[in-house]
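Below: the structure, in structure tokens.
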There are 2 protein chains.
Amino acid sequence: MSTSPAPQDADTPDSDGKGAMRMGILPSLVGRQLRLAYLRTFKDFAMAVEGTSLSPGSFEILELLSCNPGLSHSRLASAIGLEKSSLVPAIARLEEMALVKRKQSATDKRSNELRITPKGERVLAELRSYVVQRESEITEGMARAEVDTLNRLLAKMAGING
Amino acid sequence: MSTSPAPQDADTPDSDGKGAMRMGILPSLVGRQLRLAYLRTFKDFAMAVEGTSLSPGSFEILELLSCNPGLSHSRLASAIGLEKSSLVPAIARLEEMALVKRKQSATDKRSNELRITPKGERVLAELRSYVVQRESEITEGMARAEVDTLNRLLAKMAGING
DNA sequence: TATTGTTATACTCTATAACTATA
DNA sequence: TATAGTTATAGAGTATAACAATA
């Protein structure tokens with residue numbers, strides 16, 4: 001990746017002698033910058049905690065379970081905007097890693113109560129510290145108003161048409 | 001705007017009942033807003049052009065081929081930051097849809113020259129118009145300087161640690 | 001009947017490694 | 001040897017549909 005943060009020349013690939021790549025309207029698009037930033041974030045995240053490769057989605061699950069102990073599978077799925085079936089493999093993986101445990105509800109035997117384990121809390125603490133550190137890297141040197149602008153625009157993008 | 005920027009601190013029952021979900025540090029994280037915005041953008045994109053479900057990645061390929069006719073598979077892959085093998089299914093799909101064609105290079109028989117077709121240009125024009133319209137929705141009411149701030153921050157996120 | 005969680009299945013995106021045909 | 005493109009394979013991540021147990 002180029003060292004220049006300016007969108008106009010940040011993506012010019014090495015032109016290997018055949019002339020510079022033309023990027024068309026791409027460099028000016030907020031949407032594309034968003035995509036590149038997301039993909040980068042996603043890749044980095046997996047390496048944040050020694051030995052465990054967890055995704056931003058797993059961090060979100062752990063954080064929600066930490067704040068809402070005993071949450072059901074269904075409620076968790078809808079909280080993070082997934083189909084309940086899509087959550088199954090993620091939970092299974094976290095359970096396999098002993099970061100989360102499931103217990104059948106006493107009051108409704110269909111339902112599972114999900115809880116983060118002590119080990120899960122430790123991993124979550126590491127992830128949180130990584131996330132917070134990264135947040136401060138991202139917003140380093142930015143005025144508070146600029147950070148707010150960023151969050152507002154991202155929220156707007158996440159919410160457009162719905 | 002669907003997401004509140006402030007963590008909820010009403011003490012609500014978590015395990016059972018339908019009390020408000022506690023979101024922990026999640027709502028304050030730029031990284032998470034980024035993820036939500038990206039996922040949303042990705043989903044919307046697929047529905048942008050009638051009948052063809054194309055991704056932001058396909059748009060990028062078409063745009064680059066439109067600006068750089070005859071680009072090789074390898075150069076295209078490195079321009080968009082993918083392994084060459086990862087590009088194969090995407091190109092195959094675009095060729096299947098008759099939006100792109102491949103031609104063996106005369107000067108290096110190992111190499112393919114990729115070109116966008118007239119039909120591809122028409123689809124690209126539709127995608128561009130969707131993208132531009134969405135960009136203007138996103139940045140509606142923003143000062144030019146704020147949009148620049150956003151792009152700069154996203155570029156920074158895309159480039160951190162590398 | 002409706003809901004909870006699960007399984008079965010499928011599709012997209014991406015990566016690594018091995019292969020082919022050139023160079 | 002090295003490179004361009006492909007194939008084979010694998011692994012997340014997500015979705016729909018069907019199912020069993022329970023409500």
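Every chain is numbered from 1 and lettered A, B, ... according to where its sequence line falls, protein lines coming before strand lines.
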**Study point:** Rounded distance (Å) that lies between atom C1' of D:dT14 and atom CD1 of A:I61
**Key:** 13 Å
Review point. Side-chain N or O of A:R102 less than 4.0 angstrom from OP1 or OP2 on C:dT6?
Key: yes
Revision key, fill the gap. Between NE2 of A:H73 and C1' of D:dA21 the distance, given in whole Å, is 16 Å
Exercise for review: Run the salt-bridge test on A:R128 and A:E63 with the 4.0 Å N-O cut-off and return the result as yes or no.
Suggested key: yes
Review point. What residues in residues 82-100 of chain A put a non-hydrogen atom under 4.0 Å from any atom of DNA chain D?
Key: A:L82, A:E83, A:S85, A:S86, A:P89
Check your understanding: Are the charged groups of A:R115 and A:E113 less than 4.0 angstrom apart, N to O?
Key -> yes
Review point. Rounded to whole angstroms, how far apart are NZ on A:K43 and P on C:dC13?
Key: 15 Å
Practice item. Report the distance from atom OH of B:Y38 to atom C1' of D:dG13, rounded to the nearest whole Å. Key: 11 Å
Study note, to complete from the structure: Tested for salt bridge (Lys or Arg N to Asp or Glu O under 4.0 Å) against A:E95, the lone hit among A:R102, A:K119, A:K103 is A:R102
Practice item. Start with the C-alpha gap between B:S72 and B:S74, add the side-chain angles, then the distance that decides, and say whether side-chain hydrogen bond (donor to acceptor under 3.5 Å, both in side chains) holds. Key: CA-CA 5 Å; B:S72 75; B:S74 293; 4.9 Å; no
**Study point:** Pair B:S66, B:E121: side-chain N/O donor-acceptor within cut-off below 3.5 Å
**Key:** yes
**Study point:** Spacing of A:N112 atom CG relative to C:dT3 atom P, expressed in whole Å
**Key:** 18 Å
Check your understanding: Any side-chain heavy atom of A:L71 sitting closer than 4.5 Å to one from B:M21?
Key -> yes
Check your understanding: Is the distance between the ring centroids of A:Y130 and A:F59 less than 6.0 Å?
Key -> no
**Study point:** Reference residue A:V123; test side-chain contact (heavy atoms from CB on, under 4.5 Å); the match among A:L99, A:L94, A:T117
**Key:** A:L99
Review point. What's the CZ-C1' distance between B:R35 and D:dT14, to the nearest Å?
Key: 12 Å
Check your understanding: Rounding to a whole Å, what distance do you find between A:L39:CG and C:dT12:P?
Key -> 18 Å
Point to revise | Rounded distance in Å - CD1 (A:I80) to C1' (D:dG13) | key: 12 Å
What pairs of nitrogen or oxygen atoms, one from the protein and one from nucleotides 20-23 of chain C, lie under 3.5 Å apart?
unit_1, atom_1, unit_2, atom_2, d
C:dA23, OP1, B:K109, N, 2.8

Point to revise | Electrostatic pair A:D148-A:R144, nearest N-O below 4.0 angstrom | key: yes
